[in-house]
Trainee: 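I'd like to ask you about the structure that follows.
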Amino acid sequence: ESSPRLPAPKDVMVYSYNFRSLLRWSPVKVDRGLVLYTVHFKTGALNHWDEMNCTRIAQTECGFPWSLKERRWTVVLRVRAELGQATSDWVETQPFVAERNTTIGPPKVNSVNVSPDSLLISVTPPFGSAAGDFLQYHVSYWENATSITKEMTTSNTLFKIENLKELTLYCFRVQVELMANSDLQLLGLQSVPECHRTTIS
């Protein structure tokens, strides 16, 4: 006798932001009873399935455990639905590599010091850096009254936009680019534009 089958979870996706990753899926609907879910993972190095910290859970998401924090590992996950003795088929994800597949958020702008001809900007990176990381900040800025945007790139978290006109409103936004190794560059999301008026000399 084969046990009755449940429908398999749909929309199974890894979501990853600033290297914090979780698996999400759509709930499986049944007429009665509470459907629970179990998640397994395997890495590219070891080709066998291991339990995550998500066995017979009611939620439709599962955060990656600390053991999977290595950004360069290739990870495959699978999830199935369970109700009593009934189970669904496993649904596997595409291989996930955090270093390639995470979304990097914008840096946090801590402070802007205004002078007649410059803006001195301090930012914090969006995630804690790991050994071997090299971060670059791409800064776009423009005079609020014009549509001409200028660009600058820096690896410092404290930098100056110079040669500005006094008593003029300037806007800027910043994004991070992560160079983790020679062949890998990951461009982050841009910060929301921020505008400041230069002072008078």
Side-chain angles (χ1 to χ4, degrees), residues 11-26 59-64 66 68-75 93-201:
D11 309 315
V12 179
M13 288 280 295
V14 175
Y15 289 83
S16 184
Y17 190 76
N18 291 337
F19 298 105
R20 284 196 290 277
S21 308
L22 51 84
L23 184 70
R24 283 187 182 151
W25 56 91
S26 296
Q59 306 91 293
T60 54
E61 64 178 48
C62 173
F64 281 33
W66 278 104
L68 290 184
K69 286 293 181 266
E70 200 51 60
R71 297 182 194 169
R72 293 188 183 171
W73 285 2
T74 300
V75 182
T93 64
Q94 294 292 318
F96 170 81
V97 182
E99 199 173 67
R100 296 180 193 283
N101 304 123
T102 198
T103 299
I104 294 180
K108 176 174 180 280
V109 177
N110 300 317
S111 64
V112 180
N113 287 342
V114 182
S115 71
D117 64 348
S118 68
L119 301 177
L120 180 65
I121 300 162
S122 161
V123 297
T124 304
F127 55 88
S129 58
D133 282 357
F134 176 65
L135 294 180
Q136 282 200 317
Y137 297 93
H138 296 286
V139 187
S140 311
Y141 62 97
W142 60 96
E143 202 180 312
N144 194 40
T146 72
S147 58
I148 300 161
T149 301
K150 295 182 177 172
E151 310 275 337
M152 62 178 276
T153 299
T154 176
S155 56
N156 298 321
T157 54
L158 182 66
F159 54 85
K160 199 178 246 191
I161 300 176
E162 296 183 293
N163 303 321
L164 306 181
K165 299 181 206 162
E166 56 184 54
L167 282 179
T168 304
L169 190 62
Y170 285 91
C171 304
F172 69 89
R173 53 181 178 215
V174 195
Q175 68 190 132
V176 173
E177 184 175 22
L178 169 66
M179 326 265 201
N181 51 48
S182 55
D183 64 332
L184 188 90
Q185 292 158 326
L186 205 54
L187 198 56
L189 303 174
Q190 288 192 321
S191 64
V192 176
E194 221 177 276
C195 301
H196 296 265
R197 190 177 297 281
T198 51
T199 54
I200 193 163
S201 53

Trainee: Can you name the closest pair of heavy atoms from Gly105 and Tyr17 and give their distance?
Mentor: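 Minimum heavy-atom contact is CA-OH, 3.2 Å.
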
Trainee: Quick one: do Val123 and Tyr137 satisfy side chain to side chain contact (heavy atoms under 4.5 Å, CB included)? Show the steps, please.
Mentor: CA-CA 9 Å; Val123 297; Tyr137 297 93; 3.9 Å; yes

Trainee: Measure the spacing between OG1 of Thr153 and CD of Gln175 and express it to the nearest 0.5 Å.
Mentor: 9.0 Å

Trainee: What pairs with Tyr141 under ring-ring contact (aromatic ring centres under 6.0 Å, His included), at least two apart in sequence or on another chain?
Mentor: none

Trainee: Write down the atom of Ser115, the atom of Thr199, and the distance for their closest heavy-atom approach.
Mentor: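 Looking at all heavy atoms of both residues, the closest pair is C-OG1, 3.0 Å.
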
Trainee: Donor-acceptor check, side chain of Ser155 to backbone of Gln136, threshold 3.5 angstrom: yes or no?
Mentor: no

Trainee: Between Leu167 and Thr198, what is the shortest heavy-atom contact and its length?
Mentor: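 Looking at all heavy atoms of both residues, the closest pair is N-OG1, 2.9 Å.
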
Trainee: Applying salt bridge (charged side-chain N to carboxylate O under 4.0 Å, His left out), which residue pairs with at least one partner in residues 153-178 are found, sequence neighbours left out?
Mentor: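 Counting only pairs at least two positions apart or across chains, the salt bridge (charged side-chain N to carboxylate O under 4.0 Å, His left out) contacts touching residues 153-178 are Glu143-Lys165.
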
Trainee: Where do Arg72 and Val97 come nearest, in terms of heavy atoms and distance?
Mentor: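 Between these two residues, the closest heavy atoms are O-CG1, 3.8 Å.
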
Trainee: Specify whether His196 and Phe172 have parallel, tilted or perpendicular ring planes, treating 30° as the upper limit for parallel and 60° as the lower limit for perpendicular.
Mentor: parallel

Trainee: How many angstroms lie between atom CG of Asn101 and atom CD of Gln94, to the nearest 0.5 angstrom?
Mentor: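 The CG atom of Asn101 sits 10.0 Å away from the CD atom of Gln94.
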
Trainee: Using a distance-only test with no angle check, is there a side-chain donor-acceptor pair under 3.5 angstrom linking Asn110 and Thr124?
Mentor: yes

Trainee: Please assess Tyr15 against Thr103 for the test side chain to side chain contact (heavy atoms under 4.5 Å, CB included), listing each intermediate value before the final yes or no.
Mentor: CA-CA 9 Å; Tyr15 289 83; Thr103 299; over 6 Å; no

Trainee: Is there a donor-acceptor pair under 3.5 Å between the side chain of Ser191 and the backbone N or O of Val174?
Mentor: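 Looks like yes, one N/O pair under 3.5 Å.
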
Trainee: Residues in side chain to side chain donor-acceptor pair (under 3.5 Å) with Ser140, at least two apart?
Mentor: Glu151

Trainee: Once side chain to side chain donor-acceptor pair (under 3.5 Å) is applied, do any residues pair with Lys150, and if so which ones, sequence neighbours excluded?
Mentor: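 For Lys150, no residue satisfies side chain to side chain donor-acceptor pair (under 3.5 Å) once neighbours in sequence are set aside.
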
Trainee: So, for Pro95 and Thr74, which heavy atoms are closest and what is the spacing to 0.1 Å?
Mentor: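 Looking at all heavy atoms of both residues, the closest pair is CB-CG2, 3.7 Å.
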
Trainee: Going by ring-ring contact (aromatic ring centres under 6.0 Å, His included), name the residues that satisfy it together with Phe127, two or more places apart in sequence or in a different chain.
Mentor: Phe19

Trainee: When rounded to the nearest 0.5 angstrom, what is the spacing between OG in Ser16 and CZ in Arg100?
Mentor: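 Reported to 0.5 Å precision, the distance equals 14.0 Å.
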
Trainee: Could you grab the distance from atom CG of Asn144 to atom SG of Cys171, nearest 0.5 Å is fine?
Mentor: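 Output value for this atom pair is 4.0 Å.
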
Trainee: Measure across His138 and Leu187 and return the closest heavy-atom pair with its distance rounded to 0.1 Å.
Mentor: CD2-CD1, 3.8 Å

Trainee: Can you measure from CG (Leu135) to OG1 (Thr154) and round to the nearest 0.5 angstrom?
Mentor: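 Answer rounded to 0.5 Å: 11.0 Å.
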
Trainee: Starting at CG of Asn113, measure out to CG of Leu119 and round the result to the nearest 0.5 Å.
Mentor: 9.5 Å

Trainee: Going by the rule ring-ring contact (aromatic ring centres under 6.0 Å, His included), which residues pair with Trp25 if we only count those two or more places apart in sequence or in a different chain?
Mentor: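 So Trp25 forms a ring-ring contact (aromatic ring centres under 6.0 Å, His included) with Tyr37.
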
Trainee: Show your reasoning for whether side chain to side chain contact (heavy atoms under 4.5 Å, CB included) applies to Ile104 and Asn18.
Mentor: CA-CA 5 Å; Ile104 294 180; Asn18 291 337; 4.0 Å; yes

